[in-house]
**Q** 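If you scroll down you'll find the structure; I have some questions about it.
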Amino acid sequence: MMARSDSSPETRWDDLYGLAEAQSGHFSARQAADIGFYPQRLRKYLLSKRIERVRRGIYRLTHFPPSDDEELVVYWLWTEREGVYSGETALNLHELSNALPTRQHITLPESWRSRRLRVPKGIVLHFSDIPDTERTWAGPVPVTKAQRTIEDCIEMHVQPDLIEQAIAQAKARGLITKATATKLAKKPDSRR
């Protein structure tokens, strides 16, 4: 039996699968190139239907089980993995309040503000440098932590009843302290 080298196609496929597995079966062309899958090999796998193109530069393993997070992962990969879900989308991901956003809110770093972007339909972009201390993960995608989420929603003028629900639920689940809940409830826009 012949041993596989680290650069064999099988090893790279395993690496790609491992990467995609953590992202609901999705990966970007850039991520594939980083592990040795160049455009020619991606084309080969597209033709053999091992992968499918989801949008420009973003692919999905064909036989990977579908998940509820797929759309969120695709949008996050579109941001080159720099975006963070925020606002009402983050409320929904944290299951705080009855927020059901019709569009996905993503915050990108300030440096992206000057870029000319073709924003996918269904996305609302915000720009802010969110420190790691204000981020967490909801499944395969990054999201602002509860306190930051509520603060953003107050600034975005989200319905006051949703903000009140979010504050109460975050406090009850221990995501924010009682003092933080009181402070958030006193912010001007939360009491419109």
Side-chain angles (χ1 to χ4, degrees), residues 16-17 19-34 37 39 42-43 45-47 49-130 134-146 148-163 165-166 189 192:
L16 183 67
Y17 188 91
L19 172 79
E21 184 177 33
Q23 298 173 164
S24 297
H26 293 78
F27 62 94
S28 70
R30 180 178 290 171
Q31 288 177 305
D34 287 346
F37 276 83
L42 288 179
R43 267 194 298 284
Y45 287 133
L46 276 168
L47 291 172
K49 301 191 189 286
R50 284 184 92 177
I51 64 173
E52 60 188 350
R53 187 184 328 263
V54 178
R55 65 177 307 114
R56 186 174 184 210
I58 300 173
Y59 302 88
R60 181 183 188 287
L61 300 175
T62 307
H63 298 294
F64 199 86
S67 76
D68 294 337
D69 303 321
E70 288 191 43
E71 179 182 70
L72 296 173
V73 172
V74 170
Y75 289 151
W76 177 59
L77 289 172
W78 172 82
T79 72
E80 300 171 11
R81 297 178 300 146
E82 290 191 39
V84 179
Y85 282 97
S86 58
E88 285 185 85
T89 303
L91 283 181
N92 183 270
L93 290 171
H94 284 298
E95 297 179 359
L96 294 174
S97 79
N98 296 326
L100 293 172
T102 56
R103 298 185 303 167
Q104 303 301 337
H105 293 259
I106 300 177
T107 299
L108 292 167
E110 278 292 337
S111 62
W112 280 59
R113 188 181 294 274
S114 60
R115 288 188 183 189
R116 293 182 65 185
L117 300 169
R118 288 187 184 166
V119 181
K121 194 174 188 172
I123 291 182
V124 177
L125 294 181
H126 306 276
F127 299 94
S128 179
D129 293 325
I130 300 174
E134 295 181 359
R135 299 171 183 234
T136 190
W137 289 85
V141 294
V143 61
T144 53
K145 286 187 175 179
R148 172 67 186 251
T149 297
I150 295 167
E151 289 170 347
D152 288 348
C153 287
I154 291 168
E155 284 183 31
M156 293 174 190
H157 306 291
V158 170
Q159 294 175 310
D161 60 319
L162 293 178
I163 291 171
Q165 285 178 1
D189 288 345
R192 281 187 291 143

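Atoms considered below: every heavy atom in the structure, side chains included; atoms not considered: hydrogens, waters and symmetry mates.
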**Q** Got more than 12 heavy atoms from elsewhere within 6.0 Å of CZ, Arg56?
**A** no

**Q** Between the side chain of Ser97 and the main-chain N/O of Ala166, is any donor-acceptor distance below 3.5 Å?
**A**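 Answer holds: no.
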
**Q** What's the spacing between Glu151 CD and Glu134 CD if we round to 0.5 Å?
**A** 7.0 Å

**Q** Hey, what do you get for CG (Asp69) to CG (Leu93), rounding to the nearest 0.5 Å?
**A** 8.0 Å

**Q** Apply side-chain hydrogen bond (donor to acceptor under 3.5 Å, both in side chains) to Glu95 and list each qualifying residue two or more places apart in sequence or on a separate chain.
**A**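 Checked Glu95 against side-chain hydrogen bond (donor to acceptor under 3.5 Å, both in side chains); zero matches.
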
**Q** In a check of side-chain hydrogen bond (donor to acceptor under 3.5 Å, both in side chains) between Ser86 and each of Thr149, Thr144, Thr107, which one passes?
**A** Thr107

**Q** Could you tell me how the ring of Phe37 sits relative to the ring of Tyr45: parallel (under 30°), tilted (30 to 60°) or perpendicular (over 60°)?
**A** tilted

**Q** Closer than 3.5 angstrom, by distance alone: can the side chain of Glu88 be matched with the main-chain N or O of Val158 as a donor-acceptor pair?
**A** no

**Q** So, Glu70 versus Ser24: side-chain donor-acceptor pair below 3.5 Å or not?
**A** no

**Q** Without swapping roles, check the side chain of Tyr85 against the backbone of Leu72 for a donor-acceptor pair under 3.5 Å.
**A**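 Side chain of Tyr85 to backbone of Leu72, a donor-acceptor pair under 3.5 Å: yes, one is there.
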
**Q** Under the side-chain hydrogen bond (donor to acceptor under 3.5 Å, both in side chains) test, which residues partner Thr136, sequence neighbours left out?
**A** none

**Q** Has Asp68 got more than 12 heavy atoms of other residues, nucleotides or ligands less than 6.0 Å from its CG?
**A** no

**Q** Tyr75 and Gly122: which non-hydrogen atoms are nearest, and at how many Å?
**A**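 Looking at all heavy atoms of both residues, the shortest contact is OH-CA, 4.3 Å.
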
**Q** Closest approach of Ile58 and Trp78, non-hydrogen atoms and distance?
**A** CD1-N, 3.5 Å

**Q** Which distance, rounded to the nearest 0.5 Å, do you find between the CD of Gln104 and the CD1 of Ile123?
**A** 8.0 Å

**Q** Could you give the distance from CD (Glu21) to CG (Leu16), rounded to the nearest 0.5 Å?
**A** 11.5 Å

**Q** Indicate yes or no: at least one non-hydrogen side-chain atom of Leu91 is less than 4.5 angstrom from one of Cys153.
**A**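 Leu91 reaches Cys153 side chain to side chain.
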
**Q** Tell me the closest heavy-atom pair linking Lys145 and Arg135, and the distance in Å.
**A**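 Closest heavy-atom pair between Lys145 and Arg135: CE-O, 3.1 Å.
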
**Q** Does Arg53 use its side chain to pair, donor to acceptor, with the backbone of Leu46 at less than 3.5 Å?
**A** no

**Q** Could you check whether any side-chain heavy atom of Leu42 comes within less than 4.5 Å of a side-chain heavy atom of Phe27, counting everything from C-beta outward?
**A** yes

**Q** Locate the shortest heavy-atom distance separating Trp76 from Gln23; write the atom from each residue and the value.
**A** CZ3-OE1, 3.8 Å

**Q** Out of curiosity, Arg113 CZ to His126 NE2, how far, rounded to the nearest 0.5 Å?
**A** 11.0 Å

**Q** Looking only at non-hydrogen atoms, find the nearest pair between His26 and Leu77 and report the distance.
**A** CB-CD1, 3.7 Å

**Q** What is the distance from atom CZ of Arg50 to atom OH of Tyr17, rounded to the nearest 0.5 Å?
**A** 11.0 Å

**Q** Would you name the heavy atoms of Leu125 and Leu108 that are closest together and state the gap between them?
**A** CD2-CD1, 3.7 Å

**Q** Any carboxylate oxygen within less than 4.0 angstrom of a Lys/Arg side-chain nitrogen, looking at Asp152 and Arg148?
**A** yes

**Q** Heavy atoms, side chains only, cut-off 4.5 Å: are Ile163 and Ile154 in contact?
**A**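 A side-chain contact under 4.5 Å exists here.
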
